[in-house]
Peer 1: 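My questions all concern the structure below.
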There are 2 protein chains.
Amino acid sequence: MSASTTPVRQSSVRAHNLALVLHTVANSANPPSRAAVSAATGLTRATVSALVDDLLAGGLLVEVDPPPRTGAGRPAAGLALTSTGPAGLGLEINVDYLAACVVDLTGAVRHRHVEHADQRPADPAQALAALGSLAARARHAAETDGLIVAGAALAVPGLVAGGLVRVAPNLGWQDVDAVQALLGIPELADLPITVDNEANLAALGELRVAGGDPAGHHSPPGAGSGHSRPGEENSFLYVSGEIGIGAGLVLDGELYRGVRGWSGEIGHVTVYPDGRPCRCGARGCLEQYAGQEALDAGEPLAAAALGIALSAVVNLLDVPVIVLGGAYAPIFASLRDGIEAELRARVLTSALAPVVLRPASLGADAAMRGAADTIIRGVREDPATWLRRLT
Amino acid sequence: MSASTTPVRQSSVRAHNLALVLHTVANSANPPSRAAVSAATGLTRATVSALVDDLLAGGLLVEVDPPPRTGAGRPAAGLALTSTGPAGLGLEINVDYLAACVVDLTGAVRHRHVEHADQRPADPAQALAALGSLAARARHAAETDGLIVAGAALAVPGLVAGGLVRVAPNLGWQDVDAVQALLGIPELADLPITVDNEANLAALGELRVAGGDPAGHHSPPGAGSGHSRPGEENSFLYVSGEIGIGAGLVLDGELYRGVRGWSGEIGHVTVYPDGRPCRCGARGCLEQYAGQEALDAGEPLAAAALGIALSAVVNLLDVPVIVLGGAYAPIFASLRDGIEAELRARVLTSALAPVVLRPASLGADAAMRGAADTIIRGVREDPATWLRRLT
DNA sequence: GTCAAATAATTCAACCAATAAACAAATCCC
DNA sequence: GGGATTTGTTTATTGGTTGAATTATTTGAC
């Protein structure tokens with residue numbers, strides 16, 4: 001418990017407990033009753049009732065048919081996340097497509113629009129205008145479904161700091177204020193919008209699938225019961241192989257962005273100190289051996305180079321799981337043995353517990369999904385703010 | 001705000017705010033008044049008064065002479081951490097010495113006992129018995145000073161997991177239950193005792209000096225005002241060069257131990273994939289080029305190898321500061337240029353903001369100090385539990 | 001069929017902790 | 001000495017959880 005710097009008042013207690021109840025409902029396999037939530041959280045039944053009332057009134061929970069009866073007693077009312085409440089708008093701009101999706105509070109993808117087109121000839125303003133109209137369409141479709149879009153997040157393949165896209169080499173962008181551009185579109189002007197790096201958001205997308213949430217489409221092998229586990233699958237490195245190689249690091253269920261937001265530059269980890277020169281100016285960067293260009297050229301060292309760099313990550317951070325995404329996902333089978341051989345040899349603790357290596361589950365949608373997830377995650381973790389919004 | 005899994009009651013509010021007040025007093029340059037604490041925290045003066053009363057009654061704070069008067073108004077009563085309250089017992093066992101120290105709530109070292117002797121011939125039980133009697137003497141000395149030892153922490157040069165020293169190669173230990181051994185000594189039997197890796201604890205010792213706490217002996221260059229800063233000096237990598245090379249990673253003021261507690265194994269990060277064989281079985285590990293044996297042999301590649309490995313850390317984690325400790329501290333000047341050249345070349349963002357490299361400030365005492373700090377940190381971050389102890 | 005047992009959910013008084021505002025204390029400055 | 005000013009305490013109020021009692025609804029036994 002690190003002493004945060006803010007005072008706590010009674011209302012913070014309520015905010016916390018609202019989040020706790022929502023979280024418990026979200027992570028239950030079957031719609032739980034108030035009594036079940038009470039047992040799971042340690043809160044009194046009376047308190048849970050009061051909190052649930054607020055969440056029902058605020059349109060975050062709904063009562064559904066109870067879970068199958070077990071014995072005697074008054075039947076319970078099942079609780080579930082609503083599918084007509086707040087939703088997140090996930091946006092992505094990449095070299096050869098624009099995409100938008102809407103995810104509801106349960107984590108279900110309700111709308112999905114993808115527009116294939118080479119963005120490189122377009123200047124940032126043009127590309128963002130096109131994305132904006134795609135986003136506006138997605139929002140409109142969602143709201144005719146009864147959803148309320150709570151915010152939007154944009155994934156870009158580049159370095160983001162202070163809300164600005166500092167540099168996105170493959171788009172040819174530099175210091176672009178993407179948020180301002182999107183806010184300039186009338187249909188989006190009222191939304192809170194954020195930008196983040198594509199690998200970071202894709203990592204969050206994988207988190208949704210892997211850990212913490214049965215609303216995701218598959219359970220990881222060996223995962224325990226529905227509750228938030230301490231670390232096993234909640235800590236992993238997501239590696240996104242594109243032209244460059246980016247990584248999103250999730251530690252204990254939280255994305256670690258670094259002090260200045262520049263973490264995850266695994267593409268420029270040195271693999272062969274005297275190796276090939278890299279466009280970053282150094283020599284022997286991973287990107288030169290395992291970037292998409294090297295892969296396309298049939299680089300024989302790709303898997304070994306990845307294994308060496310990943311071994312460094314595991315030795316330093318003790319992350320138990322590595323997820324390969326982007327261009328790596330489809331060729332996972334051909335990379336696996338080469339990477340695992342290096343991990344076995346180079347990770348000091350590999351004998352004690354092997355590192356789990358797996359392909360990304362969401363494919364090309366990971367970043368967009370992760371972007372939308374950040375929005376609904378915001379509502380889930382702070383429902384009190386959402387409830388206050390109803391003036 | 002990640003929704004934790006525990007409910008919050010009113011008493012948690014009090015516990016949090018007690019910690020907040022204590023933290024604020026600890027991080028103030030001059031003894032603050034209740035009103036100043038109120039202003040700094042956002043809590044009401046009335047609330048601060050009530051909290052301070054508890055902390056005074058519980059012997060964590062004392063009233064001292066007020067800070068120099070400024071203008072009109074009733075004079076304030078200054079508040080300061082007590083130097084006769086709870087204290088932490090820091091223990092260290094290493095290849096050629098045993099050590100114990102006592103640190104009070106203000107962070108001052110009140111007692112320090114070091115016993116030079118080669119521990120390698122001794123078996124674990126012998127070594128721990130000797131350390132135990134050193135610890136008992138330190139505790140006795142502290143308690144005749146009016147201190148109350150709140151707990152002890154032990155630093156060992158090895159891999160610790162589940163409270164056990166799994167392996168400490170340089171001591172020749174394997175699966176040693178050091179805590180049990182120490183608890184077997186009558187004078188220590190009532191203390192909460194923990195063990196941790198030497199590099200981890202040394203990192204925490206450096207944190208005390210570098211960030212967050214003016215009670216440390218020097219302020220870092222460029223550090224801001226007394227308050228807990230977001231990241232600058234609160235995130236760093238501490239690298240401890242001994243026979244092996246360990247690292248303690250501090251992110252946002254918290255030690256990151258890894259999912260299984262095995263983080264920080266920088267000594268086995270690959271630097272030259274086809275390089276010298278390492279006793280871990282791999283090739284080209286950093287340890288072979290920058291471990292103490294290589295340094296003693298005058299290895300010319302030491303600085304470069306360190307620079308390569310550290311560049312990987314910075315690229316991955318965006319840590320702005322690297323602290324060199326252990327055997328590196330005394331030869332810092334000779335390593336600096338070589339390391340910085342690699343960092344400049346290989347860290348992608350080095351042009352945007354250079355990585356700060358500095359020697360450890362605490363020298364050989366870092367781990368022992370850090371161990372003691374973990375105890376008083378426990379009291380500082382959760383004063384409510386300490387207060388409850390007075391049945 | 002009726003009644004007892006069991007389980008779910010709500011109501012209500014008590015309690016705890018923070019707040020706001022009034023009040024008391026101690027000093028400065030004219 | 002008296003107003004202005006700041007510190008610290010007192011008191012009533014409010015928000016939120018608790019625990020016990022109460023109501024509601026079902027199963028199962030006789």
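What you see is a predicted model, and the numbers here were worked out from it, not measured in a lab. Just so we're on the same page: letters track the sequence lines, and every chain starts at 1.
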Peer 1: Not counting sequence neighbours, list each pair that qualifies as a side chain to side chain donor-acceptor pair (under 3.5 Å) and has a residue in residues 34-45 of chain B.
Peer 2: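 Of all non-adjacent pairs touching residues 34-45 of chain B, those that pass side chain to side chain donor-acceptor pair (under 3.5 Å) are B:Arg34-B:Glu63.
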Peer 1: Measure CG/A:Leu51 against P/D:dG16 and give the value in whole Å, please.
Peer 2: 10 Å
Peer 1: Report the distance from atom CZ of A:Arg388 to atom P of D:dG15, rounded to the nearest whole Å.
Peer 2: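 Taking CZ of A:Arg388 and P of D:dG15, I get 14 Å after rounding.
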Peer 1: Could you tell me how far apart A:Leu56 (CG) and C:dA9 (P) are, to the nearest whole angstrom?
Peer 2: 11 Å
Peer 1: Classify every nucleotide of nucleotides 24-30 of chain C by which part a protein heavy atom approaches to under 4.0 Å, writing B for the base, S for the sugar-phosphate alone and - for neither, in 5'-to-3' order.
Peer 2: -BBBS--
Peer 1: Looking at every heavy atom in both A:Ala36 and A:Pro32, which two are closest together, and how far apart are they?
Peer 2: CB-CB, 4.0 Å
Peer 1: Return the set of residues passing side chain to side chain donor-acceptor pair (under 3.5 Å) with A:Asn200 (not counting sequence neighbours), or none when no residue passes.
Peer 2: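 So A:Asn200 forms a side chain to side chain donor-acceptor pair (under 3.5 Å) with A:Asp196.
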Peer 1: Would you say A:Arg34 reaches C:dT10's phosphate, i.e. side-chain N/O to OP1/OP2 under 4.0 Å?
Peer 2: yes
Peer 1: Using salt bridge (charged side-chain N to carboxylate O under 4.0 Å, His left out) as the criterion, list what pairs up with B:Asp65, not counting sequence neighbours.
Peer 2: none
Peer 1: Who passes side-chain contact (heavy atoms from CB on, under 4.5 Å) against A:Val149, sequence neighbours left out?
Peer 2: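 With neighbours one apart ignored, the set is A:Leu89, A:Arg139, A:Ala142, A:Glu143, A:Leu191.
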Peer 1: Using whole Å, what does the distance between atom P of nucleotide C:dA8 and atom CG of A:Leu79 come to?
Peer 2: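 Atom CG in A:Leu79 sits about 12 Å away from atom P in C:dA8.
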Peer 1: Grab the N/O contacts between the protein and nucleotides 13-17 of chain C below 3.5 Å, and write none if there aren't any.
Peer 2:
unit_1	atom_1	unit_2	atom_2	d
C:dA17	N3	A:Gln10	NE2	3.2

Peer 1: How would you list, by chain and number, every residue that makes a side chain to side chain donor-acceptor pair (under 3.5 Å) with B:Asp104, sequence neighbours excluded?
Peer 2: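 Residues passing side chain to side chain donor-acceptor pair (under 3.5 Å) with B:Asp104: B:Thr106, B:Arg110.
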Peer 1: Any base atoms under 4.0 Å from B:Ala77, or only sugar-phosphate, or nothing? Heavy atoms, all strands.
Peer 2: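 Sugar-phosphate contact only.
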Peer 1: Given atom NE2 of A:His16 and atom C1' of D:dG15, what is their separation to the nearest angstrom?
Peer 2: 17 Å
Peer 1: Pick base, sugar-phosphate or nothing for B:Ala46, based on heavy-atom distances below 4.0 Å to the nucleic acid.
Peer 2: base
Peer 1: Quick one: list whatever passes side chain to side chain donor-acceptor pair (under 3.5 Å) with A:Thr385, sequence neighbours left out.
Peer 2: A:Asp382, A:Arg388
Peer 1: Which atom names give the shortest non-hydrogen contact between A:Val64 and A:Ala80, and what distance separates them?
Peer 2: CG1-CB, 3.9 Å
Peer 1: Listing request: all side chain to side chain donor-acceptor pair (under 3.5 Å) pairs with a residue in residues 47-56 of chain B, at least two apart in sequence or in separate chains.
Peer 2: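 Non-adjacent pairs meeting side chain to side chain donor-acceptor pair (under 3.5 Å): B:Arg14-B:Asp54.
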Peer 1: Taking only side-chain nitrogens and oxygens of A:Ser49, does any of them come within less than 4.0 Å of OP1 or OP2 of C:dT10?
Peer 2: yes
Peer 1: Considering only side-chain heavy atoms of B:Thr44, which listed nucleotide, D:dT7, D:dT18, C:dT19, is closest?
Peer 2: C:dT19
Peer 1: What is the distance, rounded to the nearest whole Å, between atom CZ of A:Arg45 and atom P of D:dA21?
Peer 2: 13 Å
